[in-house]
Structures are given as C-alpha cells and as structure tokens.
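Presented below is the structure to which this report refers.
Labels below follow one simple rule: chain letters A, B, ... track the order of the sequence lines, proteins then strands, and each chain is numbered from 1.
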2 protein chains.
Amino acid sequence: MAAEEQREYDPHDYPPVAATVDIVALTIRGDVPHVLLVRRGEAPYRNSWALPGGFVRPDEDLATAALRELSEETHLTVAPHLEQLGTYGTPDRDPRMRVISVAHLAIAAGLPEPKSGSDAADAQWVPLSRLGFGDGAETLPLAFDHAVILADAVERARAKLEYTPIATSFLPPEFTIAQLRAIYESLWNEPLHAANFHRKVRSVSGFVIDTGHIAPSGRDKGGRRARLYRAGEATLLHPALLRPSITSTTA
Amino acid sequence: MAAEEQREYDPHDYPPVAATVDIVALTIRGDVPHVLLVRRGEAPYRNSWALPGGFVRPDEDLATAALRELSEETHLTVAPHLEQLGTYGTPDRDPRMRVISVAHLAIAAGLPEPKSGSDAADAQWVPLSRLGFGDGAETLPLAFDHAVILADAVERARAKLEYTPIATSFLPPEFTIAQLRAIYESLWNEPLHAANFHRKVRSVSGFVIDTGHIAPSGRDKGGRRARLYRAGEATLLHPALLRPSITSTTA
DNA sequence: CCAATAGTGTCTGTAAGACAATATTGG
DNA sequence: CCAATATTGTCTTACAGACACTATTGG
C-alpha cells in the first residue's frame with residue numbers, strides 16, 4: 001500500500017473490517033467427491049449449510065488460520081494440500097459487518113468422519129452432486145456467498161487436475177492407476193479411456209513412481225492385480241492431461 | 001465463516017485489521033515490459049519504491065478499490081484487464097499494524113505517463129528488467145513484501161499468456177501479429193519462431209480476428225506491411241501456446 | 001473356462017518446431 | 001536490385017484418442 005494514502009485515509013477513520021478464512025475441503029469417499037460443510041447454529045442463515053471458517057487471529061498467517069479452522073472440524077492425519085483460492089469482500093456479503101474472507105482450497109485423502117461435538121454443531125461431508133456439481137439435480141442452498149466460493153473452488157480443482165499432480169492429494173501414499181483415474185473421472189464427471197490414461201500418466205515424467213508393490217486382491221470380482229505407485233516429484237505435468245470436454249473447439 | 005466461531009471470537013476482541021489493495025500494473029513501452037511503481041514519502045520504507053495501493057473504503061468492492069487506486073496514479077483511457085492475484089497477510093508484513101492486502105494484476109495498452117502531482121509523490125513506469133526480471137542484473141529493492149507480490153504477478157502473467165488471450169490486453173484495439181509476438185517475447189524473455197507463431201496464433205479459434213486493414217508503413221527499413229487484427233471472443237486458447245522453455249522435460 | 005480388470009501394441013489425425021520459399025515494401 | 005519484414009509450404013516428430021490384443025486373477 002502506498003504510504004501517501006495513509007495520510008488521507010487513516011485506518012481509524014473506517015468502521016472495523018473483519019478478516020476471516022473460509023475453507024473448501026474436498027475429499028473422495030466411495031468414488032464420489034465430497035465437500036466439508038457445517039450447519040450454522042446462528043443467524044444469519046441459521047440452519048443453512050456453510051463452509052467451515054472463522055476469524056484470522058492476530059499474529060496468525062492466513063494459511064495457518066485455514067489449517068487451524070479445518071482441523072477444528074475434522075481429524076487430519078496427514079497435512080492436506082492447501083492453497084489460497086481467492087478473497088471475497090463484497091461489502092454486503094455478511095449482513096452484520098464488513099467481512100473480507102480469504103478462501104482456501106484444501107484437498108486430502110479420504111478424511112475420516114468430521115469431529116462432532118466440536119463448535120460446529122454439525123460438520124458433514126456432503127457429496128458435490130448435492131450442490132449442483134455432477135449428476136444430482138437438487139442444489140442445497142449455502143449461506144452467504146459460499147455457493148460462489150464453492151463453484152470457484154471446484155473449477156480450480158478441475159483445472160488443476162490438468163496441469164498439476166493434485167489428484168494424488170486425494171489418494172493414500174500408495175495407489176493404483178485405476179484409483180488415480182477414478183479421481184479424474186469423478187471430478188470431471190466424465191469417463192476416461194482407461195488404456196490411454198494409463199499410458200499417459202506413466203509417460204508424464206515425475207507424476208507417478210512405480211513402487212514395485214502389487215495391490216491386494218481387489219474385490220469380489222476377478223481381474224489382474226494392479227501395480228502400486230506413489231506421487232512423484234513433479235509440480236507441473238508435462239505434457240498436461242487435458243479435459244476431453246475442453247478439447248472441442250473453443251470459439 | 002462459520003457462525004459458531006462468531007460466538008467464541010468476537011471481532012471486537014481483536015486488534016484492528018486493515019484491508020488494503022495493491023496493484024501490479026503492467027504495460028509495454030518500447031517493446032519492454034514496465035510496472036507502475038510509486039516512491040514512498042513516509043516511513044516505513046521511506047523513499048523506497050512500492051506498488052500503488054491503499055485502503056479499501058467502506059461499501060467499496062475489492063476490484064473497485066483496485067481500479068480507483070490505479071486511476072489515481074495513472075490516466076486510464078480504456079478499462080484495463082484486472083484480476084485478483086492473491087492476498088498477502090503475514091502478520092508482520094507492515095510494521096505499523098496488521099494489514100491484509102489483496103493484490104491485483106492490471107494490464108493495459110501503452111498507458112501514458114503517470115499522473116504527477118498526485119498524492120503519490122512520484123509514480124513511474126519502471127522496466128521489469130530493473131527488478132530482476134529479464135536481462136538486467138540490478139534489482140531495485142521494493143517496500144514491504146512487494147517484491148514477492150511482483151514476482152507472483154509476473155509469473156501469473158507469463159503463465160496466462162499460454163492459455164488466455166491476455167497478451168491482447170497489452171495492445172491497442174488493432175494490432176499486427178508481430179506486435180503480439182513482441183508481447184510474448186518480451187514477457188517470456190525469449191525469442192519465438194516468427195513463422196510458426198504466426199500460423200499458430202491464426203489457427204487458435206477466437207484468438208485474433210482479421211480486420212481486413214493493413215498496417216501503416218512500418219519504420220525506416222523496408223518490409224511487407226502486416227495485416228491488422230483485433231482480439232477475438234475466446235477467453236481460453238485452444239490449443240495453448242506453450243512456453244518453449246517449459247517444453248523441455250519437467251522432472 | 002468365463003468375466004473382469006490391468007497393461008501393451010498399433011494406427012491415425014492434430015499440432016509443434018525446423019527450415020525453405022514466396023510476397024511486399026522502403027531505399 | 002538489396003535488405004527487411006510478412007506470410008505460406010513442407011517435412012519430421014510428439015502425442016492424443018480409438019481399438020485390438022495380451023496378461024492376470026477370482027469364481
């Protein structure tokens with residue numbers, strides 16, 4: 001900020017601004033993507049579902065605040081992927097006061113049940129399909145502008161599947177190519193060609209590394225047992241795995 | 001934010017938080033990229049260069065605040081491309097108080113001289129090369145964490161050249177393919193194959209549209225006169241124009 | 001053996017990078 | 001005509017998508 005502004009617009013001249021973080025935590029359970037939501041116990045939007053979040057404490061980093069709020073709602077076994085999504089500060093987004101919220105996207109492998117009995121009366125994993133993403137027709141209403149934040153988060157995640165290895169963040173340390181493909185398919189909401197996906201993933205250097213292990217005997221049905229891989233060192237996929245739907249002409 | 005938090009952590013329990021916007025305004029002048037900087041007239045970082053910015057006013061949107069601050073420093077003829085870059089809120093980034101700054105990236109065609117005599121004692125277009133981007137060895141120090149913000153902005157712009165048509169935001173309404181190529185070359189800091197660039201740009205649907213006009217007689221030297229194009233409707237380039245340097249193996 | 005899943009081989013169309021060749025224009 | 005810039009042609013290589021085929025494994 002320019003110091004010159006400081007002279008004209010002293011912060012104390014302004015009504016208080018609250019800084020909060022909101023977290024869009026995504027995980028995959030039973031092959032379908034879920035988001036962590038809490039049920040609000042107070043007005044406004046009492047009884048509506050909302051994204052977990054809260055005030056940024058003094059001397060606390062934004063990412064730290066997001067991680068703290070997230071761990072207050074769910075048991076974290078491993079450090080999730082966490083990135084800043086964007087900041088939402090429309091003047092009237094919260095009817096009580098000016099609230100500027102820094103939204104974060106968190107991704108983790110099959111997180112266990114949310115903590116209940118925490119401050120959040122009710123924290124739950126909700127399938128994205130019940131929020132307008134994917135098949136489901138119904139769309140659960142969300143508090144504040146959280147529907148917009150969620151939409152931005154989902155689009156961010158979908159886009160980053162293309163050129164980063166975040167898909168592996170949804171999975172345990174060792175996984176099969178088929179599991180990885182399931183992540184892509186459920187988030188993009190379209191089937192992928194298994195054989196080509198397999199070859200492509202293995203050809204992107206640094207995406208997955210063969211552990212030499214073999215997956216345990218699948219389910220009831222037969223089928224060859226798959227090799228197990230772990231995430232590689234790459235932070236950018238090259239070449240990218242483009243979404244089939246986007247491959248069609250843009251204009 | 002979850003209402004439940006509100007109960008435990010009332011905003012009034014906290015020391016004040018200031019919300020500001022900072023703007024990284026980029027433009028091309030004489031074929032080299034420049035960023036708009038202001039010289040600070042007050043402590044801290046008195047006399048250092050800093051990004052333009054200032055407090056978000058009540059009832060003002062974040063983007064509106066960014067646009068206002070930008071237009072206070074430079075004459076805007078057309079609406080620039082403006083996007084949110086990220087939010088910087090490390091507790092001690094401003095020694096005076098807790099300041100959370102929402103950084104924006106602005107891009108516009110050859111902006112004229114900055115306003116002088118405005119609050120900013122001294123607003124100036126500074127070549128990116130003097131800030132550690134490109135050839136120049138010297139690196140001008142910036143106030144606060146503005147060097148980090150600038151680095152993030154430059155990387156964002158470089159990346160978006162690949163898959164969005166933002167390059168056209170640096171140019172006047174009608175431009176030649178060579179001018180467009182100059183934007184890419186100066187920002188990526190590497191030469192591109194003119195013939196292939198020409199064909200590629202024209203093959204991406206919705207990127208540029210032939211106006212039928214012919215550019216005026218170039219400079220002193222000879223050379224065929226180029227066709228003039230205007231920006232198309234596409235918001236995403238397909239296929240993308242990948243940076244040659246990244247084409248090499250990732251891992 | 002049959003069904004189901006994993007993984008490999010091949011072929012075709014698209015697109016990128018290299019290089020050559022043609023089209024214009026100022027001097 | 002010469003130098004310089006714009007634009008088009010071709011060729012080679014990489015890679016995505018389609019499809020056929022081989023490899024395993026449970027029942």
Side-chain angles (χ1 to χ4, degrees), chain A residues 31 161-163 174-182 184-185 188 190-205 207-229 237-251, chain B residues 31 161-163 174-182 184-185 188 190-208 210-229 236-250:
Chain A
D31 273 1
L161 286 179
E162 292 189 313
Y163 59 94
E174 298 204 345
F175 51 85
T176 67
I177 302 286
Q179 287 179 296
L180 187 64
R181 178 164 48 84
Y184 278 88
E185 290 179 329
W188 283 350
E190 59 190 323
L192 298 177
H193 188 116
N196 289 339
F197 181 87
H198 191 280
R199 187 189 4 254
K200 188 137 97 180
V201 163
R202 294 202 38 168
S203 76
V204 175
S205 74
F207 190 4
V208 298
I209 296 173
D210 193 331
T211 62
H213 305 162
I214 301 293
S217 52
R219 334 280 158 100
D220 45 341
K221 305 285 184 178
R224 178 175 175 174
R225 282 186 287 166
R227 239 176 282 194
L228 285 169
Y229 296 81
L237 303 185
H238 223 77
L241 284 86
L242 300 179
R243 274 178 276 193
S245 41
I246 285 194
T247 305
S248 44
T249 326
T250 302
Chain B
D31 272 2
L161 286 178
E162 292 189 313
Y163 59 93
E174 299 203 344
F175 51 84
T176 67
I177 303 286
Q179 288 179 296
L180 186 64
R181 178 163 47 85
Y184 279 88
E185 290 179 329
W188 283 349
E190 58 190 324
L192 298 177
H193 187 116
N196 289 340
F197 181 86
H198 190 280
R199 185 187 8 252
K200 187 137 97 183
V201 163
R202 294 200 39 169
S203 76
V204 174
S205 73
F207 190 4
V208 297
D210 194 330
T211 62
H213 306 164
I214 300 292
S217 54
R219 334 283 161 92
D220 44 341
K221 305 285 186 178
R224 179 175 176 174
R225 282 186 287 165
R227 239 176 282 196
L228 285 168
Y229 297 82
L236 241 38
L237 302 185
H238 220 78
L241 283 86
L242 300 179
R243 273 178 278 194
S245 42
I246 283 195
T247 305
S248 43
T249 325
T250 302

ask   = For Gln179(A) and dT5(C), what is the distance between atoms CD and P respectively, to the nearest whole Å?
value = 14 Å
request  = Using whole Å, report how far OH of Tyr229(A) lies from P of dA6(C).
outcome  = 11 Å
Length of the CZ-C1' vector between Arg227(B) and dT5(D), whole Å = 14 Å
task = Using the closest heavy atom to pick a nucleotide of DNA chain D for each, name whichever of Thr176(B) or Lys200(A) lands nearer the 5' end.
result = Thr176(B)
query = Does Glu185(B) reach the main-chain N or O of Leu192(B) with its side chain, forming a donor-acceptor pair under 3.5 Å?
reply = yes
task = Look at the side chain of His193(B) and decide which nucleotide, out of dC19(C), dC19(D), dA6(D), has an atom nearest to it.
result = dC19(C)
Candidate nucleotides dA23(C), dG7(C), dG17(C), ranked by approach to the side chain of Arg224(B) - the nearest = dA23(C)
task = Output yes when at least one side-chain N/O atom of His198(A) is less than 4.0 Å from OP1 or OP2 of dA6(C), else no.
result = no
task = Round to the nearest Å and state the distance from Phe197(A) atom CZ to dT5(C) atom C1'.
result = 15 Å
ask   = Does a donor on one side chain sit under 3.5 Å from an acceptor on the other, for Arg243(B) and Tyr184(B)?
value = no
key: Closest to side chain of Pro239(A), choosing from dT25(D), dC15(D), dG26(C)   = dC15(D)
Arg227(A) vs Asp210(A) side-chain heavy atoms within contact, under 4.5 Å = yes
task = Answer whether the closest heavy-atom distance between the side chains of Glu162(B) and Leu241(B) falls below 4.5 Å.
result = no
query = What is the distance from CD1 of Ile214(B) to C1' of dT24(C), rounded to the nearest Å?
reply = 10 Å
Closest to the Arg199(B) side chain, choosing from dG17(D), dT10(D), dT7(D) = dT10(D)
query = Which of these nucleotides, dA6(D), dG17(C), dT25(D), is closest to any side-chain atom of Arg225(A)?
reply = dT25(D)
task = Give one of base, sugar-phosphate or nothing for Ala195(A), where a contact means two heavy atoms less than 4.0 Å apart.
result = base
Any donor-acceptor pair under 3.5 Å from Thr211(A) side chain to Leu228(A) backbone = yes
key: Nearest-Å distance for atom pair NZ/P, residues Lys221(B) and dC1(D)   = 20 Å
key: For atom CZ of Arg202(B) and atom P of dT7(D), their distance in whole Å   = 8 Å
task = Tell me what Ala178(B) touches on the nucleic acid: a base, only sugar-phosphate, or nothing, going by heavy atoms under 4.0 Å.
result = sugar-phosphate
message = By nearest heavy atom, map Gly223(A) and Asn196(A) onto DNA chain C; which one lands nearer the 5' end?
response = Gly223(A)
query = Which whole-number value in Å describes the distance from Leu192(A) CG to dT5(C) P?
reply = 16 Å
